[in-house]
Each structure stands twice: as C-alpha cells, then as structure tokens.
Amino acid sequence: AHQFTLDNFKANGLGMNLSGTVTAGNLQSDAPRIQGDINATGADLPVLMELAGRFQAQKDAALLDYGKRFGSLPQDYKKFLLAAKFDLDQKSGNLSLPELSFNGLGLNVKGDMHSKNMQSPKGSINGNFDISGRNLEPVVSALEYQEIAGGLRDIHIETGINGDRKNLDLKPLVVTASFLNKKSSSAPINLSLKADTNIDLDAERLRLDQFSLNGAGLDARGNITADKFLQGPEITGAVNVAPFNLRNFMSSLGMEVPDTADKQVLTKVALSSRFSGSAKRMNIDDLKFVLDDSNLQGNLSVTDFDKPASTFTITIDRINADRYMKPVQDEKKTKPVTPETAAVAAVQLPVDTLRSLNTSGTFKIGEFIVSKIRMTNVSMTINGKDGDISISPVSADLYQGTHTGDIKVNATGKVPRLTINTVLKGVQLEPLMVDYKGKASMTGTANLSLAAVARHERAQRFAAEGRETRE
C-alpha cells in the first residue's frame, strides 16, 4: 500500500521520448525512496536547451545561449541519448547512480556516482567519470573558439570524485586532446593535461595542484588557485615551461609560424613565472623567459582591462632583433631602426590610440643588435598617460661612444606633436659602417646633437623621405 511501481512506461513530448521503470516506496513518509532506470532520446537537444533556458530567472541564461549556438550543428550532433540507473533514499540522504551515460553534441559520457548521508555535513560523495569526444570541430566552432576548431580532433577526460558536501577532490584529472594538422599528412598530435584538483565550496576555492601539460615537445608544470570562483575568480599560481622548440610546436599544430630572417630562431623557448589576476587585472612576477640565445627577466602589471594601465620592468642580457624580423628583400632600401624612427611611426597612430596608452616602465638590454648596428648597456624609461608620452632618458654605448636623448609625443591636442633630442658623442664611424654596410665607407669620430620638433603631417613626410634616402 505504501509502494508504487511504474513498470516499462513510455512517454513522449517536446521532441523527446522517455521510457523506463520507476519504483517509489515509503510513500506515507516525507522522505520516500525512489529507484529505477530511465532512458531519454531526442532528435534536437539544442531546442530543449533553449526552451529550458527561457524558463531560467537570469536575463542571460547559459542554457538559452548554448541552445542557440548549438542550433547550427549538423543533425547527427543534435541527437541525444541519456540512460541512468538510480536509487534515491531521501530518509538516509543516499543517492546512487551505478550507471550513467549520455551521448550527444559529439560527446560520449559514462560514469557512476554514489553519495551517502548527504543530509549531514559529514555526507560523502565518490564516483568516476569518463568523457570522450570525436570530430568536435563543429561543436568548437559553435562556441566560437576558431583558433582551435580547425585542428581539434578528439578529446578524452577521465577523473575520480571523492569528498563531501563542502570539499571535493578530482583525482586523477586527466585531459587528453588530439590535434590534426590539416596542412600536413603527419599523425595527430596529443596534448595531455594532468592535475590533482580540489574544490572547496565553502571557501569558493578551486585548486589545480601539480598540473602538467605535455605533448609535441612541450613540458609545462605548475599550480593554479582560483578563489571566489562563483563570484569573480581571483587567480594565483606559478608556471614553469621547460625549453622546447616553439617553431616545431606551432608547425605540428598547424599554426602559422612567423616568417623570420633567421629560420633557426624560435627553436629554444622556456618560461617560469608567478602570476595573479582577475577579470580586471593581471600581475606577472619573477618572470624568466628564454628566447633562443636571449634571457629576459622582469615584472609586468596590468590593471583595469577596460582601460588598461600597465607598469613593467624588463631586463634582457642580449638580443639580435634582426634575426626575428621579416626577411629583407632589398638591403639598400633598409634603414636603421632606432628609438627615433620608432617614435616617428608611433606619432602616425590614431590620436585615440595614443591617448589610451597608459604605461610606465623601464627596458634594459645588455647587448642589442638591430639593423646590424650593435649597442650595449641600452636603457630607456617609458611613461605615457592621456596622450602625453615620453621615452626619457634613452641611453646606450655605441661603438666606443655614447647615444643619449629623450623622445616625447604630445597627443593631447588635435594633432600629435613629436619632440626628439638626441646626442651622439665619440662614436667611431669605421666599425659602425662595417657592421651596417659591410665596408668602412666613412671613418672618424661622430659627435652629433639633434633637436627636432614635428607634427603629425611633418612626421609622415619625414618618415617617407627617410625611406627614400640613399647612403
């Protein structure tokens, strides 16, 4: 009298078919026990998602958004199948899902979950999930992740769940993704992410301890903590990337490799850093970056992504910038790149762009080669805010002499104004010309003082005339 069984029921509606068996016991109490199995199939899951989203209280319901996005998927991806066996005992707070499976949207999910005494703070949860996806390009494209949509082939996620109502461990969490390079006939590339994951619901803290990302020559390790993840995540962590060949990595994933003058660059890249941030700010501390033969150290901070304000300190031991530039087609038309010529190019940017720049920092380079010209002990300080930009002081040792000066851009008015003050003192011309031209067309010592002021139009003419000058 206190038990009800719905045996082999079938129902359909809203484009969905339901079938199964449900038994309900202890119906005389406020905590009945319900157990059975259920199967649900349908031809258009995105429509059901969109319909459910319209009943959500939020204005921008996630289900409504995803339902619209997935509505453009091929029909085979819209079909779905859900099957589950369940046993819910409300009196004891126990829920068992010994068999759970879902197929749809290109995904196949299998798992089991068991919870005990969930009405008590000491309630426990444990289970296992296995998620796999194949040929996910249409799904990833619908989510507007175009950068990886063309290459992502398969994905596999497996994890175990253990914990209680307030604290959950996902161990091990293993995510393997397979990427296919459509520009090559080579075998797919596998990237694997492993991490010990903990979710503290009371503290709203998500931790990925000892994570590793491996594949295609990449070996990255570190840890990430996200606090207040239900409100606005505050992220802290550290990362260490062992030296790897970035050029081969990009090529194997079908990414476009920059066209550089030296095809041997981008073959040794390494990184280590601590970081913190949120949806509005970012801090990178103790940055150590290896780029081929160059070693960079520094710190970077960006606040208010809507109106970015940045501060930085960057030190590089040595770098040959010529190696990373595009191949030179005609060396006779190539002019030296200097802070002054860079300023001429900058002043031609839109006024709104110049006014939006808000930055403060210093660059120091032990040895710097650009346009074949070698400089040492390079130092410059940059400050910019509300259209008032200065690079001052600028200093470098240059062929037994010195280069000093300052550069200012004033974009507070309608037309940007450029002011340049440069002093060359004791610069030996013979070694400079040998490096720059390959022969000593001039000898002697250069002492030069230059003071120039130009507005936007004059800066444009100056830049054009500079490109046409012949030595």
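Along the sequence shown, residues carry numbers from 1.
A salt bridge links Lys166 and Asp202; the closest N-O separation between the charged side-chain nitrogens and carboxylate oxygens is under 4.0 Å. In summary, Glu234 and Arg205 do not engage in a salt bridge, as defined by a charged side-chain N under 4.0 Å from a carboxylate O. Between Lys280 and Asp304, no side-chain nitrogen of the basic residue sits less than 4.0 Å from a carboxylate oxygen of the acidic one, so the salt-bridge criterion is not met. Using a 4.0 Å cut-off between a side-chain N of Lys or Arg and a carboxylate O of Asp or Glu, Arg207 and Asp209 qualify as a salt bridge. The pair Lys326-Asp322 fails the salt-bridge criterion, with no side-chain N (NZ, NE, NH1 or NH2) lying under 4.0 Å from an Asp/Glu carboxylate O. Remark: Arg221 engages Asp219 in a salt bridge, criterion side-chain N to carboxylate O under 4.0 Å. Of the charged side-chain nitrogens involved, none lies within less than 4.0 Å of a carboxylate oxygen, so that Lys268 and Asp292 do not count as a salt-bridged pair. By the 4.0 Å N-to-carboxylate-O rule, Asp388 lies too far from Lys385 to be salt-bridged with it.
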Stepwise salt bridge (charged side-chain N to carboxylate O under 4.0 Å, His left out) test for Lys79 and Asp76
CA-CA 6 Å; Lys79 298 177 182 178; Asp76 284 346; 3.7 Å; yes
List the steps and the verdict of side chain to side chain donor-acceptor pair (under 3.5 Å) for Asp317 and Asn295.
CA-CA 6 Å; Asp317 61 350; Asn295 294 278; 3.0 Å; yes
Evaluate the criterion side-chain contact (heavy atoms from CB on, under 4.5 Å) for residue pair Asn198 and Leu168; output intermediate values, then yes/no. CA-CA 6 Å; Asn198 175 265; Leu168 290 174; over 6 Å; no
Please test Leu97 against Asp87 for side-chain contact (heavy atoms from CB on, under 4.5 Å), starting from the C-alpha separation and ending with a verdict. CA-CA 7 Å; Leu97 295 169; Asp87 186 347; over 6 Å; no
Worked check of salt bridge (charged side-chain N to carboxylate O under 4.0 Å, His left out) between Arg323 and Asp293:
CA-CA 11 Å; Arg323 300 175 67 194; Asp293 299 325; 3.3 Å; yes
Leu296/Ile314 under side-chain contact (heavy atoms from CB on, under 4.5 Å): CA gap, chis, key distance, verdict: CA-CA 7 Å; Leu296 178 152; Ile314 302 294; 3.7 Å; yes
Check against side-chain contact (heavy atoms from CB on, under 4.5 Å), Asn128 and Asp130: CA-CA 7 Å; Asn128 296 278; Asp130 187 290; over 6 Å; no
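Ile155 places a side-chain heavy atom less than 4.5 Å from the side chain of Val175. Side-chain contact check for Lys85 versus Ile38: every heavy-atom pair is 4.5 Å or farther apart. Within the 4.5 Å cutoff, the side chain of Val22 has no heavy atoms near those of the Phe4 side chain. Between Leu271 and Asn240, the closest side-chain pair of non-hydrogen atoms is not below 4.5 Å. Put simply, the side chain of Phe86 does not reach to within 4.5 Å of the side chain of Leu100, judged on heavy atoms. Residues Asn320 and Phe368 fail the side-chain proximity criterion, which asks for heavy atoms closer than 4.5 Å. Proximity of Ile161 to Asp169: side-chain heavy atoms (C-beta onward) are nowhere separated by under 4.5 Å. Looking only at side-chain heavy atoms (C-beta outward), Leu287 and Ile284 come within less than 4.5 Å of each other.
Minimum interatomic distance between Phe229 and Ile199 (heavy atoms only, all atoms of both residues): CZ-CG2, 3.8 Å. Here the closest heavy-atom approach between residue Met250 and residue Glu256 is recorded as CE-O, 3.1 Å. In this structure, Tyr77 and Asn135 approach most closely via the heavy-atom pair OH-O, 2.6 Å. Scanning both residues, Ala31 and Asn26, for their nearest heavy atoms gives O-CB, 4.3 Å. In this structure, Pro138 and Pro74 approach most closely via the heavy-atom pair CB-CD, 4.0 Å. Val351 and Gly413 get closest at one heavy-atom pair: CG1-O, 4.2 Å.
Side-chain contact check for Asn94 and Asn117: no donor-acceptor pair (N or O, by modelled atom type) lies under 3.5 Å. With no hydrogens or angles considered, no side-chain donor-acceptor pair links Ser124 and Arg165 at under 3.5 Å. Residues Asn126 and Asn162 have side chains that never bring a donor and an acceptor to within less than 3.5 angstrom of each other. Looking at Ser301 and Asn283, their side chains do bring a donor and an acceptor atom within 3.5 Å of each other. Thr267 and Asn245 form no side-chain donor-acceptor contact under 3.5 Å, judged by distance and modelled atom types alone. In summary, the side chains of Thr412 and Asn410 do present a donor paired with an acceptor at a separation below 3.5 Å, with no hydrogens or angles considered. In this structure, a donor-acceptor pair under 3.5 Å is absent between the side chains of Thr381 and Thr362.
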Give every donor-acceptor pair under 3.5 Å between a side-chain atom in residues 105-116 and any protein atom, sequence neighbours left out.
unit_1	atom_1	unit_2	atom_2	d
His114	ND1	Ser96	OG	2.9
Ser115	OG	Leu95	N	3.4
Ser115	OG	Leu95	O	3.3

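Side-chain atoms of Ser252 come within 3.5 Å of backbone N or O of Asn248 as a donor-acceptor pair. At least one donor-acceptor pair closer than 3.5 Å links the side chain of Thr21 to the backbone N or O of Asn8. A donor-acceptor contact shorter than 3.5 Å is absent between the side chain of Arg69 and the backbone of Ser141. Of the possible donor and acceptor atoms, one in the side chain of Arg247 sits under 3.5 Å from a partner among the backbone N and O of Val265. With hydrogens and angles disregarded, no donor-acceptor distance shorter than 3.5 Å links the side chain of Asn39 to the backbone of Ala83. Proximity of a side-chain donor or acceptor of Thr260 to a complementary backbone N or O of Asp262 within less than 3.5 Å is detected. Side chain of Thr159 to main chain of Pro172: a donor-acceptor pair is present (N/O by atom type, distance under 3.5 Å, no hydrogens or angles). With hydrogens and angles ignored, the 3.5 Å screen pairs no side-chain donor or acceptor of Ser192 with any backbone N or O of Asn214.
Interatomic distance, CE of Met282 versus OG of Ser310, reported as 9.0 Å (0.5 Å rounding). Distance check, rounded to the nearest 0.5 Å: CG of Leu193 to CZ of Phe211 gives 7.5 Å. Interatomic distance, OG1 of Thr313 versus CG of Asn299, reported as 6.0 Å (0.5 Å rounding). Here the CZ atom belonging to Arg33 is positioned 7.5 Å from the OG atom belonging to Ser92, to the nearest 0.5 angstrom. Here the straight-line distance linking atom CG of Leu418 with atom CD1 of Ile407 works out to 7.5 Å at 0.5 Å rounding. Atom CG of residue Leu206 and atom CD of residue Glu204 lie 11.5 Å apart, to the nearest 0.5 angstrom.
The environment of CD in Gln75 is crowded: more than 12 heavy-atom neighbours from other residues, nucleotides or ligands sit within 6.0 Å. Within 6.0 Å of OH in Tyr66 there are 12 or fewer heavy atoms belonging to other residues, nucleotides or ligands.
Between Phe312 and Phe363, the ring planes are tilted. Angles from 30° to 60° get that label.
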